[in-house]
Each structure stands twice: as structure tokens, then as C-alpha cells.
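See structure below.
Proteins get letters first, then strands, A, B, ... in listed order; numbering begins at 1 in each.
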Amino acid sequence: MSRYTSVTDQDLEAMLGAIGAGSLDDLFEDIPESVRLNRPIDLPAGRSEQEVNDHLGALAGRNRHCDAEVSFLGAGMYDHYVPALVDNLLSRSEFLTPYTPYQPEISQGGLQVMFEFQTAISELTGLPVANASVYDGPSAVAAAGYLAKLETRRGTLVTSRGVHPHSRAALRTHAAGYGMTVEEVPLTAEGATDLEALAGAVGDDTAAVFLQQPNFLGTVEELGELAEAAGGSGAIVVCAADPLPLGILKPPGEQGVDICVGEGQTLGNRLDFGGPSFGFFAAGERFLRKMPGRIAGETVDVDGKRGFVLTLQTREQHIRREKATHNICTSQALNALAGVVYLSWLGKRGLVELAELMLRRTHYAREALGLEPINPGPVVREFAVHVPDLDGLFEQARTEGVNPGYRLARDYPEYEDGLLVAVTERRTRADIDRLASLVRERERVAA
Amino acid sequence: MSRYTSVTDQDLEAMLGAIGAGSLDDLFEDIPESVRLNRPIDLPAGRSEQEVNDHLGALAGRNRHCDAEVSFLGAGMYDHYVPALVDNLLSRSEFLTPYTPYQPEISQGGLQVMFEFQTAISELTGLPVANASVYDGPSAVAAAGYLAKLETRRGTLVTSRGVHPHSRAALRTHAAGYGMTVEEVPLTAEGATDLEALAGAVGDDTAAVFLQQPNFLGTVEELGELAEAAGGSGAIVVCAADPLPLGILKPPGEQGVDICVGEGQTLGNRLDFGGPSFGFFAAGERFLRKMPGRIAGETVDVDGKRGFVLTLQTREQHIRREKATHNICTSQALNALAGVVYLSWLGKRGLVELAELMLRRTHYAREALGLEPINPGPVVREFAVHVPDLDGLFEQARTEGVNPGYRLARDYPEYEDGLLVAVTERRTRADIDRLASLVRERERVAA
Amino acid sequence: MSDLDPRARNETVTIFERSRAGRRAFVAPEPDVPEAPLDELLPESQRRERPAELPEVSEPELVRHYVTLSSKNFHLDEGFYPLGSCTMKHNPKLHERVAALPGHARLHPLQDPEYAQGALELMWRLQGALGEIAGLPHVSLQPSAGSQGELTGLLLTRAYHEDRGERRTKVLTPDTAHGTNPATVTMAGYQVVKVGTAPDGGVDLDDLREKTDDDVACLMLTNPNTLGLFDRNIEEIAGVVHDAGATLYYDGANLNAVMGVARPGDMGFDIVHFNLHKTFTQPHGGGGPGAGPIAVSNRIEPFLPAPQVVRSGDGSFELDHDRPKSIGKLRGFQGNFGVFVRSYAYICSLGGDGLEEASKVAVLNANYLKARLAEEGIGEYLPIAFDRTCMHEFVLSGSEAKRRLDLRTLDIAKRMLDHGVHPPTVYFPLLVEEALMIEPTETEPKERLDHFAEVVRAILEEAAEDPQIAKNAPYTTPVRRLDEAGAAKRPVVRWRPSQENPGDPDRARKAPASGSGAM
Amino acid sequence: MSDLDPRARNETVTIFERSRAGRRAFVAPEPDVPEAPLDELLPESQRRERPAELPEVSEPELVRHYVTLSSKNFHLDEGFYPLGSCTMKHNPKLHERVAALPGHARLHPLQDPEYAQGALELMWRLQGALGEIAGLPHVSLQPSAGSQGELTGLLLTRAYHEDRGERRTKVLTPDTAHGTNPATVTMAGYQVVKVGTAPDGGVDLDDLREKTDDDVACLMLTNPNTLGLFDRNIEEIAGVVHDAGATLYYDGANLNAVMGVARPGDMGFDIVHFNLHKTFTQPHGGGGPGAGPIAVSNRIEPFLPAPQVVRSGDGSFELDHDRPKSIGKLRGFQGNFGVFVRSYAYICSLGGDGLEEASKVAVLNANYLKARLAEEGIGEYLPIAFDRTCMHEFVLSGSEAKRRLDLRTLDIAKRMLDHGVHPPTVYFPLLVEEALMIEPTETEPKERLDHFAEVVRAILEEAAEDPQIAKNAPYTTPVRRLDEAGAAKRPVVRWRPSQENPGDPDRARKAPASGSGAM
Ligand SMILES: Cc1ncc(COP(=O)(O)O)c(C=O)c1O
Ligand SMILES: Cc1ncc(COP(=O)(O)O)c(C=O)c1O
């Protein structure tokens, strides 16, 4: 018997007796012989907790994590400090182990957390309604595309190349299903979305236009202008946003954006090699009944006591089935909890302080590196530069425990020698100066 | 305002108003000018959570812990595997943050844990009553000495040199207070307590005799014989025991031992560079009202519902003051919780399996090393050997990430070249063989 | 009286209402770079005019707020949770420990594979284990949950057919299917065609044959199905579907019934999704995270999402992004790696036999509880929907309780809350009147099953005397029955400060539900 | 009715009663050494005949058992905990994280100092900080808690006097002293001499002068004392004691009132103990662990326990065991290092000003709550014992409530439980009739203090109408008032299997308090 099951021999006997079965195998008689496995599963035998702990520890030991090097990697997920109280609260069985709150009377904790989360996202994005989370940033972008299809019945989606490559990829993959085509609008020589090209790309068949703030290169986009150009012919304007810079950036909701989505990892979530984190989805009032995913709403109980429930479920698959506005069921509740706890930890002033620190360090880093910028304009949290000797820099830096950042060429052939450098509150001035001195060293070598 | 306090300017104003004070400083007027500090405390300024986290992380990074080397260190604390559920339960605010359960109606969790802990310790030691914990093993030994003084009013304490050096030291230190002398009985050439010497040392003025099972060298003592010799003239027989080997060793309570104490670190507690862990204290019924520390007892509430309370408090300092049987107040409740959870995790058969594994590995290791044993007889979890080239072995082993064990000379001048080697379920056969090959290598070098 | 009420002590206050201007839990790290004026760094046009109204609270009050909220949740470590179709099995604490190791939790998703060999090996091993369990050779871990796994499966089906120059338009789903199946069909651009259920609870073969033509792209099946019954005709079904050139999709939510006993691949399925948060014990977290990896046959493999984890000749592990026929990406990066760690640890702990034992005990527990609930005093009110040996779960009908006791399934469920057990899934599957869908899982001991049976009996006996007690239940929960209709009619989906301007530090104190009385 | 009772769902069952023969949460690692027969390894005489009767439970049930138990505790992260003299301040979660780092948690106490420099530096820095806060140059971190710190202090006093060839026999303690003080005096082999309290709540100077002769070894003082009052005459007191050649001992349990404001060393104290689990926020853990470091003056230093952490010339850190005049060891190894980590982190977070602010806000909160509790409707029933500005805590007398409302302090305390706040320390200090000793600490926001005042008011108003309600309280707790007298008369201090033999797997099911009904 495994350490997770409890059937003693006495139990087995008593239970089979009550069932009226002779043996465990009798219970499987409905399974045709011909499809039975009839051999043990070909996997290593079970191990003790200690052995599994050590095996996983050994695997983890072969990964170089963000405390084991000075890393300027970003490109969609960022090394932020997660306060200890987030770990502690998420480890509580009360939050960790329940299912989706189908029984509100015994799920008020989880439901109120969703309500608070929705409020915080609404505050950040400047949009009145938000859901309780979707899978991640890119799938949130794809979900916005599906909503646009349901809403407009139009055939094409237009996206700026400043939108995260994974978001654009997910959009294409999903669009292939719900039958829409995706067009891309290039970036200007300054690494911002090309306003004219955008205006030109949008037409009567455009269901939605996708922007990102700051964009993938860290450029602070002129969101208002872009949204105006995008929304003209009735297309839904979708903006993917990084929630931390939103602490100091004008909210998309105040600039003509209809739907604001984004990746929530930066809000108190771990890097986890890419997941789980959460995606958020905020929109204008008119989209409320077309939103994907869970939404918590405030109400009262029979005694008039304040309480919360999952609401507007007629949007959802378990009620509406093929007519549902999305197929999502399990989403990212625990990660969203981390998000709202983290935002409450930062608080009204803390969010601004952190965003300003990031802003200043980003600009300091761009100057300190002294490399030709790809996006010379305003940037926050991330910026892109041309590096003459990119391979050489990586080679030396990695041996010295520094990770210079993300090579743009992987997703942007047009930036063959491009390096994307991310800065957070974890990267001190000393870290930045260290990268800068490596850059200069390579220049000397090259010269 | 710090992140742990909440007084806003508005609060301060309102509160001072209600108090009728003009300023915060007015509240300190009772403190004579002449004893005021009148300058800031000379300590670094406060830091953010992230900075403190990194600072402590850097300090921790400069310690070589038991996962960073293959360690055979023991000598009182041992590297055992602590199951994840212990960490999780101890991290729950419900267990972590309450004070001693002075209000039983809202402390049933902690009180029942104490009751279960006492039961488990009673089972291990074979003695009917146990308290809810004392500070650690050595102070438990000293507490037994004090109980013996209160009980017998005699003047001397006799201890085997097989008792942990720290326990003997603590006994001496405490005895100097309550006015008793401590005599030591030597070990035989086989590293066991010298029965005749013991019999000779015990007399009419002997209040208590102290033994340890297994003793400091890992020797399995003939407890019955020793207890008989020790108890003859009315002295109280105290045995310090390691709870894990007790899974297969005859309980002290069945061999004429009156009081069994011990170090609880091995029961689900961290090494923590020496503490906190807990000491346990079990005894015969007749000592119940002289025991130190908290004791939980079962009772019922006004509705006849089963419940638990701190009982026999008339022994304790807060009630009996100068007549108390000990001065202990705060003890080690959380560590004792880890202890009973760990024992329940091991369970009836698991404890035996673990103890047998340790027993076999200990004997395997002693043979594999092939060095002249100091204690050739039965040993469990630890054993002592003569190492001709001790310095050389340490020098090479440490550079290769192996910690051979504990140098006995530090506490036993008589074992100048003595090495004490500890084995737990964490040290695999491969680890043991690695140490053995190091030993042989040194021998070749020497030859 | 309200003083005697244990609920009086935790009034419902949102974190926003606890806010007081000037308080903080966060302190910023030393600013170590020049304090350049912001307007030099940010264009006026893109600067936020007023800060987002996040709460201002100290750490102690922040912790208390969420700890208190947590105590209003029923959870798996508290008691029995037989929520049908959700496989609420024990979540080992070890998994949280290993998932939290810095090498896992602090690993950047774009770390050069050379420096992420441990993570890639873990994924590679997990792929192998899932493939072996499903009986299908190729695995993609990318999908974020079951429903995204389903979508991936249908997008693969579409790519497969299109690659063969076919444009099929319909997908078959049984009327017992979970809601995500038809919802997924629509999202994938297909049209749903329902297949009926036979008297024995399996797929109605005649109906299936009739509806399966060469316009059908796929049949989505759950086996055992949502009735907890294994479809004895699975081979015929596979035959029909494959003869029509369609793919057969396995909704793996019920895999916990058959591990080591029978494999979807051997049953003829082309595509399988796993719910790692069910069968492989990722904690549900109150609604995620989860992961919905898929396993596929050779003919589907070319279309799998990118990247794939592969092992290269020298034994090292790589991410293969170069997959010309791939459907692309469903989401960011490599999927929910943190979930993979837990499920891989689970597989290591149990091993092959352990997984088989898990399924067998799950089925044993379900059949035992089914037997207990068939006893006199229960069975006549809650008859089993389809009286066969069940697999890991079974479905009762509340029809008789409704008819004879005027007790609805909802009332039974709500009354259970007062007994400290979580109700089963209710009103699903749809074809069973007043359905109760019960899945005990293998990690429950016999005592918990017995206790649950006694609770059901007690509720029915009580109702025989006075059904009102159950109709007004629950009584002992943090809140009682809530006005869901009202919530949907006038949706309040975010907190808003009362009249006073949000900046006013006193607003919370003035706000009705707040104030010091609310501590 | 009991079905409606939320307590019905968590019957009281010990882990031993949940045991079923054959179940297990533990699986042993692979035996990798020869399976030598045990009787070759252990002498018959020392082999256990029957295994210890530990419980046999699966991991899921083990977790549920202790999680359920935990939910029966009131705790600091749940609500207000003004337990006088215990300094129940917030425990930052960061401290648990850094204490759990392998470099701390998995460090062996006998690790060669060369490989434990981080730990030794942390201890050295903590020593320095505590010395600066106390105003005394030398610190030993070894004592395990306050009471062991006190014992250390008196053993140091003894060693100091004996070193000067003196054998003194008496130690003075005020009648307001905490119980550990006199208990420690006896353990240290001294005789207790009580000193009276003056009308202003301070030490009665005349009584002190009268009792201080050259047979007095030490005066143990708490300042502010257990009444929460700072003794204005501290200098005169120090003078009297020192003139007699005795040492002055500072019980640091109340240090939270004066950090950064005044230092014991500057007041003339020779020896100070700290309660790291109070002033420096080590979580109390339901009764420990804690730590009771001591700081001493130069003349006491030679006698400090061994080992001491020292910094050598090259800046590296060492453990100095070679201390010829040392009193030796109070306990094993270097003390409760895990506690040091948390308290050091706390000091780093707050810094000098933060510590001063903590004390000032602690005093502010106490005086504010004192003012609220002096309001009409409360103050006339619970008069302040000594009406002065208090420090971090204050003591009310329940004498009037008893006289006018027939309400004992115990009843007030028990009624508070129904309001979700923890009662103050009651019936201490002894010289105050029906005492309530209230210490809010600095981490409580004003709302919590206001709420507490309202709770007290509500209880008194309720009692004015019907004192029985409070006399029978509490009503909403997991259990109600317990029979403590009975528990002491017939002590049941361990669980014993019922009649049947302990091996019988059914014993638990047969045992009264258990059975499936107990889930
Ligand atoms: C039968 C069935 N299919 C699919 C799903 C959807 O899985 P997920 O919630 O992971 O998207 C579920 C989950 O409830 C299910 O029970
Ligand atoms: C005034 C006073 N002195 C001494 C002590 C004893 O401290 P500890 O419990 O750490 O032994 C306490 C603790 O309650 C106390 O309040």
C-alpha cells in the first residue's frame, strides 16, 4: 500500500464484501480483455520521500537560476522580488487545495480574493471590469481575439510587431481554429509601432487591433494615437500591458483601449521556467457578458450578510456548452491570489516607487552600456541595443556568471545583432555596471 | 513609519488627543533625563525586505551545510530527513504564532498536540509520564539533577563519561547553583560505562546517577546492569537516550531507569547550528508532581466534551514562584510539535525500519572503514575509531567535500586520535564507501 | 445573540476597505541610480495622472486579512471532497517543497538550454512517463489545462485533415460530455454534433454510426465517461470513427480510473489530454493552476506545438523550435513547468505499481461508497443512474428524494455543508435528473466513506421529518445561501469607494461594511 | 441540533485513535547495505520486545489531523492578542524564509568554524546589536529563554562573588516580579527576599534600603516593571544595591518599552536578559522556542558561558571555548541559532530608528488603549491599578466589576473569547486584585485597539443586564470551560488504548471518542 492510500487488508475484505465482489479485478470486468494492458506500467518502482526529494534536488541543481547569476533576461518574464508573505499565504491548505468555488458558502475566502483581484486589475488598467484570470499573457491575447470575433463577426486581426512574439504566435494558432487571419504591422526605425502602417492595415473587416505597452522592446508606445488610428473603423482595440509599469503609465482604459490583457508573472509569481503564472483580462462594461473565465460578484446571503459568488456563469462552458464565450474552466486562481496579495503589499505608493525605480534603472543601464540603441525613445523596464560582437559578449559574460539578456534575432531577424536587456529592482547599479564593463572589455578586444 | 506599524499622522494626532498628551515624548517623562540615551541607537539604518533577504542569504551562503558535503558529523545532533509535511504544518500561523496555551478554550490544537507528544515519548521511553518539552537534551539532564535534589535532598550526582560532554557540562553548571557536586565514572577499554567503577562511585549521598543510551561513543550500554548498580542505595537513575534507536532498543523504563531524558532534534527538527530543538523528560508516576515544565492533561468541558488543559500547574513558577519545581516558562512547544508529527509520520513500523537501517549502516560503516575501533562492541547510529593520521584525513577529506566526523580529543583527551563517525538514513552506502576509500588512501600515503 | 455567533468575529471587509492613507507593507530598496526627473524619462502623454487606488496597509494587517479569508474556505486538508470529475486526491506536501527549490522556482523560461538541463530532463522524463501511461508515443506538455488540451487536440485534428487536403466541419460529442468539450469544438471552428447515450450508459452505437460521415473530423470521448462507466464498446466505437477517417480524442479527466489497467492508445485513441491537476495531483488552488499535456499517435506528431523537448545524440536536452508543420503555440514559453515538477515527483513516488494501485483503490472506494449509498434508507431516495459496476466515480439521481421528500439535490448538497463534508458535483451530467456525481478518490480511508454515507442517511432521515431544515441549509457556514440571481442581474464585479473621494483616508472607516467594528 | 453545531464536525480524536494496523505515511529508503541478522548486531538484553505503539496513518490523514488541530488555536495572525508581559508583536514572514535557508537550517552545530563563518558572523553581529541596545559591552547568546537567562545571571552573580571570596545567600525580588524570578533564585541556590511596592507602583525604597545588606547577592528588577511603570528612582535603587556590593539584574521581558530611549546599562544594571521571542519577534510557537541572551558589564564578563563568538585579528570568526573562569554551559552547543537568525533579520529590517519607533509606538498604543478603557462605562468597573502614564503595558483591576456587577476577571476574559480577541494576562501581577494586564504592542493599528475597547464595553453592558452570560462564557469556542480541577485531581497525561489490546487494529474504532462519526 502506498503512503497516500489507506486500504488495509481488513478494509479490503470488508469493502469487497459490501460491494459483493470477489476481488479488486472483478471491478474492472467491463474493460475488454483486448484493450487491457496486462503488464506492469514500464516505469521505475516507487521511491521513498527522501529519495524523490534528493532526485528532484539533483535535477534542480543542474539549472542556473536567477540567484546563481546576474541575469538581465526578461522578454516576457522578469526576476522580481517575491515577498515572503506571498509564499506563506499560498502554502496554506485553505488556499492551495480547494477546487474552483462551486459552493460559495464554504468558499468565501477564494471568492473574495477573486473580487479583490478584479478590483486591483481594474484600477491598474483603467477599465471597469476584469475577470478572475486566464492562463497567461499570450493566451489572454488569443482570448481577446476570440471575443472580438464573437463581438464583431469580422475576419481579420491586426497586430503590431511590438506585441510579444509568443502572444502573436498564440493568436495565430487560435485564429486558425476560429477561422481568422492575422496581419502584422511593422515597427518604426525607433522600435515603436508604425502609426501610418497601422492606420493603413486597419479596415472594415478588422475585428481587433493588438498593441503592447511597453512593447516587446521596452518602448513606451504612444498608446492614445495608436488606439485612435486602430479603433476608427470599429475594430476592438486590445492592449497587452505589463502591470508594474502601469503604476506610472497612463492607463490603457484612459486612452481608447477597449480590452487590456497581460501577463501576471511580474505580480508576486515565480519564474518557474515559464509557468504557472496568470493572464489578466480587463475590458469596458459592454464586454462584461462576453468575457472569458470566472468572474466573482458581490451579493448578500439570506440573512442579508455580504458575500461573493461566481457570477454571469451563463457565459461559461459548464452552462452554455457550445455557445460559451470561451472553453476555459480551470484557470490560475492561486497565481491570481499571489497577484493581489503582491499588489496589496506594494500598495498605492509602493507600486509607484517600484515602477519609478525600474524606470530610472532602465535609463541608467541604457546609458551605462553605451551601445547603439535600437529603440532610442522612452523605455521602461527593458531596452534593445545593437551589439557588434554579440557572441563574444555572451561567451565571456556567461563564464563570468552574467547573463546579458535576450538575443532578439531569435524572434526578429531584422535585429540580427539585437540584445534585449531587462532591469528590475533585483538588478542593482553594481550589477548594471558589471555588465557595462564587460561590454567595454569586449569592445577593447574587438578593437 | 515602519512596515510593521500602522500609526498614520491622523492616528497619532487622534491618539495623543485621547491620551491628553502633547507629543510622543511626553509619554516618556517618567524616565529621568540622566538615564536617557539622547542619541540614536548606533545600528545601521533599516532596510527593505529584499535587502534583508539578500543580506541573510549571503551570510547563509558562507556556511557549508549538510547538503553541501557528505557529512558524518553527529555527536549529539544528526542529519536526518525531515518530511515536507513537518515544514508545512509548522509554517501554519495557527501553530507558529500563539503563546503558551493559557486559555484552553481557544488552544485545543496546541494542547492536544502536547498530549499526543507526551504519549509518544511515554511509548518510546517505557515510562508512564512525560512533560511537554524542556529546552534541549543537556538542560533536560540538568533538570533531572534538580529534581533529584528536590526528591532526595542528597549532595552528589554521579555521571558516566558516556554521557554527552555538553550534558555533563550543563549538569556541573546547574549543580554549582543548587549546590551539588558532580562525579564522573570512566569508560572501560571497550568504551562502555565501567560497571564496577560505577558501583563504587555510588553511595548514600548520591542523589542521582546519569547514564546515556547509546552512549556518546555510540556504544549500546548494558542498561539493566548499570541501572541496578546505580539505583541500589536509593539514588535516582537517569538515562539520556536518543529517541530513534529506542525504536529497537529495550526501553529504559523497562530496565530500572527512573527518569529518561533526551535530545529531540533527531525527531523532525532541523540542525539549525544547534538549536532550537527540544529536550524530553519522562519519568515514573511518583515524579509526576515534581516534573519541570508544562504538562497537558485530558479533561472535559461543561458540556462533557473531551478537551485538554495545562495541568498540575502548582509545580510551576507562575503559581508556586520560589517553591516551583523548576523555573522554566517558555519551552520548545513548536519543536515538540515537529517531534510528534515526525513520529506519527514514521509510525509504529516505520520507526523500527528506520532504526534497523541505521543499525545496519552503522555496523557496515565500521567494517568498511577498517580502522581500529575504540568501542568494538554493539553500536548504533555512531561509532568511534582510532585514526593514525587524523589531521591528514581531515585535510584531504574536507577538500573533497567529505566531513569524516567528530574529533573526540576535543572532549576526551584519552582518545587523542579518536574519530566519532555518525550514520543516518541520509548517508548511503556509496557515501560510506567514499569515506572508506579516503581512509585507505591516507593509509597508502602514510605507508 | 450575534455575540454568540462565531461569524460575528469575521465581518466581510475587502482589503481596499482596510486601507488607511500613509500605511505601507512595502519599503523600496535604496535608490542607487541618479534621481533623473521623471518628465525627462517619460512623455507627458503617457504618464499616469493619479496613482492606482491600491490598498495601504501594514504587513501585520495584510497577513491577517488573507489568513482570515483563507479560514473561510473549505479545503482538501480539512475533510472529504468527493467532487465528481475533479479527482480531489491528496496533494503531497513534498511536491510544494521540490517545486519551491530555486533551481525550479527561480529559473527563467528563456535560460539557455545549456544551463537548464535539469528542467529539460524533468520535462523529457515526464513526457516519457505520460506517453507510457497513455499508450501513445508523443507528448506535448504545453497546454495550460484540460480545456486548452482539448483545443490543442482539435487544432491538431484540423491540421491533420488539412495536411491531407480535407476540410471537415463537424465534431461528435456524447450528450454526457463535459461542457468544455462542446465549447472547445466551437472555439476550434467546428460544429457540434451530439451523440446519444445507450441504456447501459455507454455511447449509443447506432446513433454514432448514423452521425459519423466523412464530414466528421473527430469524436471526443471520456472513458470511463462522466457517468463513471467504462464503455464496453470502445473498440467498435474506435472502428466506426477511424473508418470515417476521423480522429478519436480522449478527454483524460477520468484517467484516474484506469492507470496501469488499460491505455487510451490501446483503445484506439489518437489524442489524449491529461489533467495533471487531477490524476497527477497538482493542487487545485481554488481554480488553478493546472496543466493539460497531450499525448498523440505518430500520424498526429508532426503537428504538435512548438517547442518540443528532445534529447540529442550526446544525451543532452534541447528545445526544438523548428517544427514546420506545427500548429504553433497555445501559450507562452514551455507550459506550466511548476506543475510538471509536482506531477513528476508524484510519478517518482508512486512508480508504475503505485499508479496502478491508485487507480484500483480509486475504483474500490467508488464502488464501496456506491454500495453504502444503495443501502436501505438511502438507495430508495437516491437511486443509481445506471446500475453497473462503476469505475472511479458514480452518479446518483435525486429524483426520488425530490418526489418523495420534496428535497432537491441542491438542498442535500447545502445541508452537507453543515456536516463538514464537501458536496458532490451536482446537476451534471445533464441527462441524469437531479444528478449527484460522486468521486471519492483513492486517498480517502474507509472511515471517511462510511461517515459520508452516514451524513447522507442523516440528511434524508431529517428531511423525512422536516424538509425545511435542509431547504434552509446551510446554517454553520461563514455565509448562508447567497443571492446569485441578484448578483447576475446587477453585477458588482469590483469594489468602489463609497461616495467620498477615494483619496480620503477616512473613506474606509465611513464605508458601511467597514470600520473598527469589522475587525 | 448538534448538526447545526459547527463543532460537531471536529470531534476530538487523538492521532493514536486514528491509527489502523497496516497504514503508513513513511516508506523507508532502499536498504543498500547487507541485511545482517539483528541478533548479530544487538545483544538480546537490549532489544525491544514489542514496538512502541506509534500511530499508523496515511499521509493524507496525518495532514488532516494536524491541520484540523491547528484550526482550534487562536493565533496572532487571526486577531488582537494583548497578552500582558508577552509582547505579542507581529512575526514577519521574511524571518521564516531566511531561517529556512539550508545554510542556516541544515548547518551542523559542530561544523568547523572555518566552514560556518556566515553563522558565526551573524551571531557576532547580533551580540553587538544587543549590547548596543542594552548599553552593556558583553553578550552571551547561549541561554534558551528568559528564565534560563535569569538563571545564567544569578550563576554569574554567584561566580562573581565567589571569585571575590564572598558567599552571599540572598537575592531581592519585588513583590511585582514575574514567577520565574523567585523560582530562579531558588534554583540558583539563593534565598528569596521580597521587596515591597511603593504607592506610585515603583520599588519601595525604604523597604529596599532596609533589606539590602552585605548578604544580598543581587536585586532582580524589571523596568518598566510588570505594572508597566518605569521606576523613576532607578538611580537611587542602583546606588543602594551597588553600595552593598550586590549586582543589579535586569529582567528584559519589558525591554520593548524603552529601546532607543533608555538603556539598562545606563541605568546601572550589571546583567540583562533579552527575550528574543518577545522584543525581537521570534514567533512563540505555542510555548517556545525562544532565546534569552544576556548582556553584562566588564566585571561580569570573565564568567560568561562557553563558548563565546569572537572575531580574530584577520577578521574571521571563532568559537572561544577556553574561558577559565566561565560558569560553563547552560545547554548544548551555541544556543538557539534559528532564533538568532530571525531576531537578527528583525534588527536589520528596523535598524536603529525602527527599533526606537517600535518602542515609542508600543507606548503610544498602550496609553491610547488605557485612555479608551478609562472612558465612562468601562473605567468605573475596571479602574487602572496605578494611575500614571504607562509604558508598553498597563494593569487594570477587576475589583469594581466584581463588586458592582458580580463579574470576575476570569468571566470577562472568557467572554472575550466569543468576541474573537485574546484576553489580557489575568490575575498577574499578584498585588493587583482581579488584575488584567494589557499589552497591545506597536504592531496593532488603532482600529484593533478601538475594537477591543468596544468589546470590553459590550461585555460590561451585557453583564449589567445579565452577568450569567459572561459567567457561562465562552459559547463559540471549540470547547467551553474545562474542568481543570478534575484534570489535576486525576491526571490523565497520556492516551491509553481502551480495554482491548493495543495491537488490535479495531481498538480505535471501538474507542469511545473515535469511530467514523468522529471524522
Ligand atoms: C470530464 C472533464 N473534461 C474536461 C475538463 C476540463 O479540464 P480543465 O478544468 O483542466 O480545463 C474537466 C474539468 O472539470 C472535466 O471534468
Ligand atoms: C516579566 C517576565 N520575566 C521573565 C519571563 C520568562 O521568560 P521566558 O518565558 O522566556 O522564560 C517572562 C515571560 O513570560 C516575563 O513576562
Verify, without hydrogens or angle tests, whether [X] (side chain) and [Y] (backbone) share a donor-acceptor contact under 3.5 angstrom.
X        : Y        : value
D/His108 : B/Met77  : yes
D/Asp483 : B/Val300 : no
D/Glu356 : B/Ile41  : no
B/Thr173 : D/Lys329 : yes
D/Gln334 : B/Gly274 : no
B/Lys348 : D/Arg24  : no
B/Asn327 : D/Thr184 : no
B/Gln118 : D/Val493 : yes
B/Asp30  : D/Arg232 : no
B/Asp301 : D/Leu482 : no

Do [X] and [Y] have side-chain atoms, one donor and one acceptor, less than 3.5 Å apart?
X        : Y        : answer
D/Glu235 : B/Ser34  : yes
B/Gln112 : D/Lys72  : no
D/Thr425 : B/Tyr99  : no
D/Glu357 : B/Tyr4   : no
D/Ser71  : B/Glu94  : no
D/His422 : B/Tyr102 : no
D/Gln148 : B/Ser139 : no

Parallel, tilted or perpendicular, as decided by the 30° and 60° cut-offs, for the rings of D/Tyr344 and B/His55: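 Geometry flag for D/Tyr344 against B/His55: tilted rings.
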
Max heavy-atom pair count under 4.5 Å with chain B, selected residue of D/Glu56, D/Gln117, D/His104: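 Ranked by contacts with chain B, first place is D/His104.
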
Salt bridge (charged side-chain N to carboxylate O under 4.0 Å, His left out) between D/Asp266 and B/Arg36, worked out: CA-CA 8 Å; D/Asp266 301 337; B/Arg36 299 237 189 144; over 6 Å; no

Side chain from CB out, backbone as N, CA, C, O: work out which of these in [X] comes under 4.5 Å of a heavy atom of chain D, or both, or neither.
X        : value
B/Ala75  : both
B/Leu96  : both
B/Tyr406 : side chain
B/Ile295 : side chain
B/Leu24  : side chain
B/Leu27  : both
B/Thr311 : side chain

Which residue out of [options] racks up the most heavy-atom pairs below 4.5 Å with chain D?
options                               : value
B/Leu343, B/Leu249, B/Asp79, B/Val352 : B/Leu249
B/Ile31, B/Val129, B/Leu337, B/Leu43  : B/Ile31
B/Arg398, B/Lys323, B/Arg294          : B/Arg398
B/His326, B/Glu29, B/His164, B/Arg172 : B/His326
B/Ser91, B/Pro32, B/Ala14             : B/Pro32
B/Arg321, B/Arg270, B/Arg429          : B/Arg321

Test salt bridge (charged side-chain N to carboxylate O under 4.0 Å, His left out) applied to B/Glu105 and D/Arg481, step by step: CA-CA 7 Å; B/Glu105 299 87 348; D/Arg481 286 197 203 190; 5.3 Å; no

Salt bridge flag under 4.0 Å for residues D/Arg494 and B/Glu298: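 Salt bridge absent between D/Arg494 and B/Glu298.
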
Sub-4.5 Å side-chain heavy-atom contact between B/Arg360 and D/Pro31: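 Result no, sub-4.5 Å side-chain heavy-atom pair not found.
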
Check: B/Ser6 and D/Lys446 side chains under 4.5 Å, non-hydrogen atoms: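 SC-SC contact between D/Lys446 and B/Ser6 ruled out.
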
Result of checking D/Phe337, D/Phe333, D/Tyr115 against B/Phe273 for ring-ring contact (aromatic ring centres under 6.0 Å, His included):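 So the option named by the test is D/Phe337.
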
D/His284 ring center within less than 6.0 Å of B/Phe95 ring center: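 No, the ring of B/Phe95 stays outside the 6.0 Å limit from the ring of D/His284, centre to centre.
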
